[in-house]
Amino acid sequence: MEPLIALVGTTCLALIVGACGVHGLRRLPVALRGGLAVMFLLTGGAHFIGMRDELVAMVPPALPAPGLLVTVTGVAEIAGALALLWRRTTAPAAGLLTFLLIAMFPANVYAADTAETWWDELIPRTLTQLVFLAATATVLVDGIRALRGPSDQLTD
C-alpha cells in the first residue's frame, strides 16, 4: 500500500506544483517520473532495510538464491528510480522498471497465498501492479517520443 501512496501522492504534488507555475511539472508523464522515482526508491530501499526478510520470503521456492535475487532487484529499482530523473535515461529506465514489475509479479502471486491483510491478497496486488505498469508505460512512451524528437511528428 505504501508504494501506491508514494506514487500517487508524489505525482499529485508534482502536478499541483506544476499548476502553480513550475512549467516543467505540468505534464503528467513528467509528474509520473517523480512519483515513480520516489516509489522505486522506497521499494528498492526496502530490499536492504526494514523488509529484506519479508521480500526474501516472497521469492517462489522454484527460484534459486532468493537473497541474491532480492539484492539484484533492489539495486535495479534504485538505479531505475534515479535514471528516471535524468531526461536522457528516462526511456531505458522506464523500460527496465516495466520489465522488473512483470518479472517480479510471480513473487506477488506467491506472497498472496500468505496474505495477512486485504491489500496483500491477489486481486488488490494485481490491481496495484497494473497501476504501476500503467505509470511506467506512460513514462516509457513519452520518453521514446522525446528521443525521436519533433522530426517524427506529423506536419500540416
Side-chain angles (χ1 to χ4, degrees), residues 1-19 25-87 89-146:
M1 184 66 74
E2 292 85 353
L4 181 61
I5 293 168
L7 171 63
V8 172
T10 304
T11 301
C12 287
L13 180 62
L15 289 171
I16 290 168
V17 170
L25 295 177
R26 287 189 175 176
R27 296 180 53 245
L28 178 61
V30 177
L32 280 170
R33 283 170 50 197
L36 286 166
V38 169
M39 182 194 86
F40 279 109
L41 285 172
L42 174 73
T43 60
H47 285 68
F48 304 99
I49 301 168
M51 290 188 62
R52 183 170 178 81
D53 292 338
E54 291 91 334
L55 293 171
V56 169
M58 283 178 61
V59 177
L63 297 176
L68 177 61
L69 289 173
V70 168
T71 298
V72 169
T73 55
V75 169
E77 287 183 25
I78 292 168
L82 295 174
L84 283 174
L85 300 175
W86 189 31
R87 190 177 327 166
T89 57
T90 294
L96 166 77
L97 294 169
T98 300
F99 171 79
L100 275 175
L101 288 168
I102 294 167
M104 292 187 302
F105 186 70
N108 284 287
V109 173
Y110 181 72
D113 285 341
T114 59
E116 295 180 15
T117 59
W118 69 269
W119 62 79
D120 282 332
E121 293 176 4
L122 185 57
I123 291 176
R125 277 180 177 272
T126 302
L127 293 174
T128 301
Q129 290 295 309
L130 289 173
V131 170
F132 298 159
L133 282 168
T136 58
T138 299
V139 172
L140 176 59
V141 169
D142 187 67
I144 291 170
R145 285 182 179 158

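Residues: numbered from 1 along the sequence shown. Model, not experiment: these values are computed from the prediction.
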Worksheet item: If you take all heavy atoms of Ala94 and Thr136, which pair is closest and at what distance?
Response: CB-O, 3.6 Å
Worksheet entry | Gap between atom CD of Glu121 and atom CG of Asn108 - 0.5 Å precision | 13.5 Å
Discussion item. For the CG atom of Leu36 and the CD atom of Glu77, what is their distance to the nearest 0.5 Å?
Written reply: 11.0 Å
Fill in: Within 6.0 angstrom of Glu2 CD, more than 12 heavy atoms from elsewhere
no
Discussion item. Which heavy atom of Ala111 sits nearest to which heavy atom of Met58, and what is that distance?
Written reply: CB-CG, 3.6 Å
Practice prompt. Tell me, with the steps shown, if Tyr110 and Val59 meet side chain to side chain contact (heavy atoms under 4.5 Å, CB included).
Written response: CA-CA 7 Å; Tyr110 181 72; Val59 177; over 6 Å; no
Worksheet item: Thr11 side chain to Val8 main-chain N or O, any donor-acceptor pair under 3.5 Å?
Response: no
Discussion item. Contact between Phe132 and Met39 at the side-chain level, heavy atoms closer than 4.5 Å - yes or no?
Written reply: yes
Worksheet entry | Steps toward side chain to side chain contact (heavy atoms under 4.5 Å, CB included) verdict (Thr98, Leu133) | CA-CA 6 Å; Thr98 300; Leu133 282 168; 3.9 Å; yes
Discussion item. For a 4.5 angstrom cut-off between non-hydrogen side-chain atoms, does Leu82 reach Thr89?
Written reply: no
Worksheet item: Would you say the side chain of Arg52 lies within less than 4.5 Å of the side chain of Thr71, judging by non-hydrogen atoms?
Response: yes
Worksheet item: What is the distance from atom CG of Leu15 to atom CG of Leu28, rounded to the nearest 0.5 Å?
Response: 6.0 Å
Worksheet item: Hey, is CZ on Phe99 packed in by over 12 heavy atoms from elsewhere, all under 6.0 Å?
Response: no
Worksheet entry | Atom of Pro60, atom of Pro106 and distance for their closest heavy-atom approach | CG-O, 4.0 Å
Worksheet item: What heavy-atom pair brings Leu96 and Ala76 nearest, and what distance separates the two atoms?
Response: CD2-O, 3.8 Å
Worksheet item: After noting the C-alpha distance and the side-chain angles of Asp142 and Arg27, does the key distance pass the salt bridge (charged side-chain N to carboxylate O under 4.0 Å, His left out) rule?
Response: CA-CA 10 Å; Asp142 187 67; Arg27 296 180 53 245; 2.3 Å; yes
Practice prompt. Would you mind reporting whether Phe40 and Leu101 have side-chain heavy atoms less than 4.5 Å apart?
Written response: yes
Discussion item. If I compare all heavy atoms of Gly50 with all of Glu54, which pair ends up nearest, and what's the gap?
Written reply: O-OE1, 3.9 Å
Practice prompt. Would you indicate whether the side-chain heavy atoms of Thr90 and Val139 approach each other to under 4.5 Å?
Written response: yes
Worksheet item: Hey, are His47 and Thr73 close enough side-chain-wise for a donor-acceptor pair under 3.5 Å?
Response: yes
Fill in: Point-to-point distance, once rounded to the nearest 0.5 Å, from CE of Met51 to CG of Asp53
10.0 Å
Discussion item. Keeping Thr10 on the side-chain end and Gly34 on the backbone end, is there a donor-acceptor pair under 3.5 Å?
Written reply: no
Worksheet item: Quick one: does Arg145's side chain have a donor or acceptor within less than 3.5 Å of a partner on Leu140's backbone?
Response: no
Worksheet item: What's the shortest heavy-atom distance between Pro64 and Leu69, and which atoms?
Response: O-CD1, 3.2 Å
